[in-house]
Number of protein chains: 2
Amino acid sequence: MRSSAAGEAIVTLPPRCAACNVRDDALCATLEDAGLVALHGIGRRRTLPAGQVLVWSGDPNAICATVVSGVLKAMRAGPEGREHIVGLAFAGDFVGDLFADTANETIRVMTDAELCVYPRAALQKMLDAHPAMERLLLHRALGALDDARMWMLMLGRKAAGARIATFLLEMARRMGQPGPARFDLPMSRSEVGALLGMTIETVSRQMTSLKRRGVVALPGGRGVIILDRAQLARAAAG
Amino acid sequence: MRSSAAGEAIVTLPPRCAACNVRDDALCATLEDAGLVALHGIGRRRTLPAGQVLVWSGDPNAICATVVSGVLKAMRAGPEGREHIVGLAFAGDFVGDLFADTANETIRVMTDAELCVYPRAALQKMLDAHPAMERLLLHRALGALDDARMWMLMLGRKAAGARIATFLLEMARRMGQPGPARFDLPMSRSEVGALLGMTIETVSRQMTSLKRRGVVALPGGRGVIILDRAQLARAAAG
DNA sequence: ACGCGGATTTGATGCCGATCAAAGACCAGT
DNA sequence: ACTGGTCTTTGATCGGCATCAAATCCGCGT
């Protein structure tokens with residue numbers, strides 16, 4: 001596999017990393033074995049239950065992390081203390097801000113999650129020695145920017161029904177394995193509202209409407225089955 | 001200044017760069033003189049009149065640019081062909097996407113502008129030799145992400161009056177020299193609407209309302225004078 | 001199985017901003 | 001100064017979504 005060709009110093013990969021499901025997607029993918037050992041050395045694996053806060057907005061910005069499994073949300077406070085979700089992070093994604101001294105977003109775990117958490121300063125130091133890692137971070141930042149601008153378009157231009165449809169397609173893309181379009185939403189109705197800029201009641205009504213029209217089925221509290229993808233896509237465009 | 005300490009090879013700075021007003025803000029700021037000459041070599045200075053399109057969404061993504069003066073907008077098409085502004089670029093900012101093969105935003109000049117335009121491929125090649133330049137791009141990408149998330153919060157949560165107030169404060173910050181809060185908007189009412197997700201009529205009504213309340217004055221078509229910054233800030237929070 | 005608490009759904013009403021319409025301001029060119 | 005065109009302002013009406021309110025569903029511990 002990746003270790004110890006003839007003549008190289010032999011490096012033992014940490015077992016946790018060798019078996020990691022995001023080994024080839026996350027930051028780690030840019031590192032050769034020795035670099036991976038170094039990264040492993042500064043980080044700590046943590047398991048967090050749903051609801052836990054990783055970073056509080058306003059606190060000193062001390063840590064960044066790689067998402068190994070689970071889904072996280074980044075939130076900012078709007079007027080009247082109402083919170084808005086400005087970003088989601090899935091397995092393989094990087095969360096946190098490498099450069100800000102004060103965190104300006106609260107990062108909270110939506111579903112039980114595993115993370116590799118790194119002290120910001122140490123990670124920053126590694127960056128200087130690993131240009132490929134910095135390149136990946138640049139790619140990730142541009143990807144997050146693309147996401148944010150997609151949501152901007154939705155928030156600025158689309159009606160409630162189209163927002164829900166777009167949201168469901170996006171979640172299917174990110175969560176569902178290719179094939180049967182069945183997945184569980186990683187969030188409650190009220191969190192959907194906080195992401196799409198609408199009330200919980202409107203979220204519910206629009207979902208119900210899609211269900212009544214036979215476009216989706218909604219088994220259990222968070223299950224989603226896309227029955228008619230073409231019509232859902234049409235609704236998303238409207 | 002920056003050139004030819006004793007013992008160094010003497011490098012002649014291109015006159016255009018030596019006198020450039022964004023020399024210390026833009027990409028160029030990260031380069032020593034020799035690198036600057038190289039960057040100057042791959043780029044071309046262009047003057048574009050208001051309304052001109054730099055990049056069409058959907059076209060092959062061939063160029064990036066540094067804004068020397070003027071203001072540009074990045075747009076995406078929403079439903080029914082209506083366009084939404086997803087980003088602004090001011091003097092010193094970097095525009096374009098270094099990595100996408102197809103441009104997914106149209107970039108248009110809002111006020112007469114000067115740019116340094118670079119072929120994407122050549123710039124990408126320079127990046128490998130200049131880690132400081134890549135670091136700056138990462139910073140810029142994170143800054144753009146921060147902006148985008150600020151607009152998301154507005155579009156998702158704020159009422160029309162608060163959006164206009166926030167917008168005026170933001171423009172004052174970016175365009176006005178510190179001191180008297182007098183500046184000209186770089187865009188028409190309909191462009192304000194395309195940025196804030198509202199119709200031209202609502203933009204007009206909200207601006208008029210601020211004027212009637214004595215919070216701002218609106219001399220000429222695009223002039224803005226902030227008369228009561230505290231009240232404007234209060235309106236922006238609402 | 002039962003009862004409790006939170007989340008979701010459903011219902012009724014009112015307001016903000018979109019839409020349609022028209023009048024006024026501003027600018028460039030004659 | 002006049003004229004045509006575009007941008008902006010103002011007005012009237014309407015609809016979608018927020019808000020307030022209540023019923024129902026669901027998980028969970030006893």
Side-chain angles (χ1 to χ4, degrees), chain A residues 49-51 78-84 110-112 154-168 184-213 216-224 235 238, chain B residues 49-51 78-85 108 110-112 154-168 184-213 216-224 235 238:
Chain A
E80 304 158 39
R82 310 176 66 163
E83 302 235 303
H84 192 85
M110 302 177 89
T111 70
D112 295 350
M154 272 212 348
L155 294 170
R157 291 271 175 253
K158 291 190 180 180
R163 290 188 202 183
I164 290 289
T166 308
F167 166 75
L168 290 176
D184 285 308
L185 290 177
M187 62 185 96
S188 68
R189 296 286 185 269
S190 99
E191 286 171 313
V192 176
L195 176 63
L196 302 183
M198 40 206 254
T199 61
I200 184 175
E201 293 95 328
T202 302
V203 172
S204 177
R205 276 186 251 268
Q206 296 298 334
M207 302 265 275
T208 305
S209 163
L210 285 174
K211 184 171 69 178
R212 254 200 299 268
R213 288 188 278 156
V216 301
L218 303 172
R222 296 186 169 190
V224 176
Chain B
E80 305 159 36
R82 310 175 68 166
E83 303 235 305
H84 191 85
I85 297 176
R108 190 186 286 264
M110 301 176 91
T111 69
D112 295 349
M154 273 214 347
L155 294 169
R157 290 270 174 256
K158 291 190 181 182
R163 292 188 200 182
I164 290 288
T166 307
F167 166 74
L168 290 176
D184 285 309
L185 290 176
M187 63 185 93
S188 68
R189 295 288 185 266
S190 100
E191 285 172 314
V192 176
L195 176 64
L196 302 183
M198 37 205 258
T199 60
I200 184 174
E201 294 95 329
T202 301
V203 171
S204 177
R205 275 186 252 269
Q206 296 298 335
M207 301 266 275
T208 305
S209 163
L210 286 174
K211 184 171 69 179
R212 253 200 298 269
R213 287 187 279 156
V216 301
L218 303 171
R222 297 188 167 189
V224 176

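Residue numbering restarts at 1 for every chain, and letters A, B, ... go by the order of the sequence lines. Remember, it's a predicted structure, so these values are computed and weren't measured experimentally.
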- [ ] Starting from P on dG16(D), measure out to NZ on K158(A) and report it in whole angstrom.
- [x] 18 Å
Open item on the list: Regarding R82(A), tell me which of base, sugar-phosphate or nothing describes its non-hydrogen contacts under 4.0 Å with the strands shown.
Closed with: sugar-phosphate
TODO: Provide, to the nearest angstrom, the distance between the CE atom belonging to M198(B) and the P atom belonging to dC17(D).
DONE: 18 Å
TODO: Evaluate the side-chain contact (heavy atoms from CB on, under 4.5 Å) criterion for residues I164(A) and V192(A): first the C-alpha distance (whole Å), next the side-chain angles of each, then the deciding distance (0.1 Å), finally the verdict.
DONE: CA-CA 9 Å; I164(A) 290 289; V192(A) 176; 4.2 Å; yes
Which atoms of nucleotides 7-9 of chain D (N or O only) lie under 3.5 Å from a protein N or O atom, and what are those distances?
from   : atom 1 : to      : atom 2 : distance (Å)
dT8(D) : OP1    : R189(B) : N      : 3.2
dT8(D) : OP2    : R189(B) : N      : 3.3
dT9(D) : OP1    : R189(B) : NH2    : 3.4
dT9(D) : OP2    : R189(B) : NE     : 2.9
dT9(D) : OP2    : S204(B) : OG     : 2.9
dT9(D) : O5'    : S204(B) : OG     : 3.1

Task: Worked check of side-chain contact (heavy atoms from CB on, under 4.5 Å) between E191(A) and S188(A) - done: CA-CA 5 Å; E191(A) 286 171 313; S188(A) 68; 3.5 Å; yes
- [ ] Figure out the CG/P separation between L196(A) and dG16(D), and round it to whole Å.
- [x] 19 Å
TODO: Using a 4.0 Å heavy-atom cut-off across all strands, classify R157(B) as base, sugar-phosphate, or nothing.
DONE: nothing
TODO: Kindly write out the residues that satisfy salt bridge (Lys or Arg N to Asp or Glu O under 4.0 Å) with D184(A), not counting sequence neighbours, or none if the list is empty.
DONE: R182(A)
Task: Between dT8(C) (P) and I164(A) (CD1): distance, integer Å - done: 12 Å
Open item on the list: Need to verify one output field. Residue with the more 5' nearest nucleotide on DNA chain D, E80(A) or G220(A)?
Closed with: E80(A)
Task: Closest approach of L155(A) to L195(A) (non-hydrogen atoms, all atoms of both residues) - done: CD2-O, 4.1 Å
Task: Any T202(B) side-chain nitrogen or oxygen under 4.0 Å from OP1 or OP2 of dA18(C) - done: yes
Task: Whole-Å gap separating P (dG6(C)) and CD (E191(A)) - done: 17 Å
TODO: Go through T111(B) and M187(B) one step at a time and tell me if the side-chain contact (heavy atoms from CB on, under 4.5 Å) criterion holds.
DONE: CA-CA 8 Å; T111(B) 69; M187(B) 63 185 93; over 6 Å; no
- [ ] Can you see which heavy atom on M154(B) is nearest to which on L196(B), and at what distance?
- [x] CE-CD2, 3.3 Å
Open item on the list: Mind checking if G197(B) touches a base, just sugar-phosphate, or nothing, with heavy atoms under 4.0 Å?
Closed with: sugar-phosphate
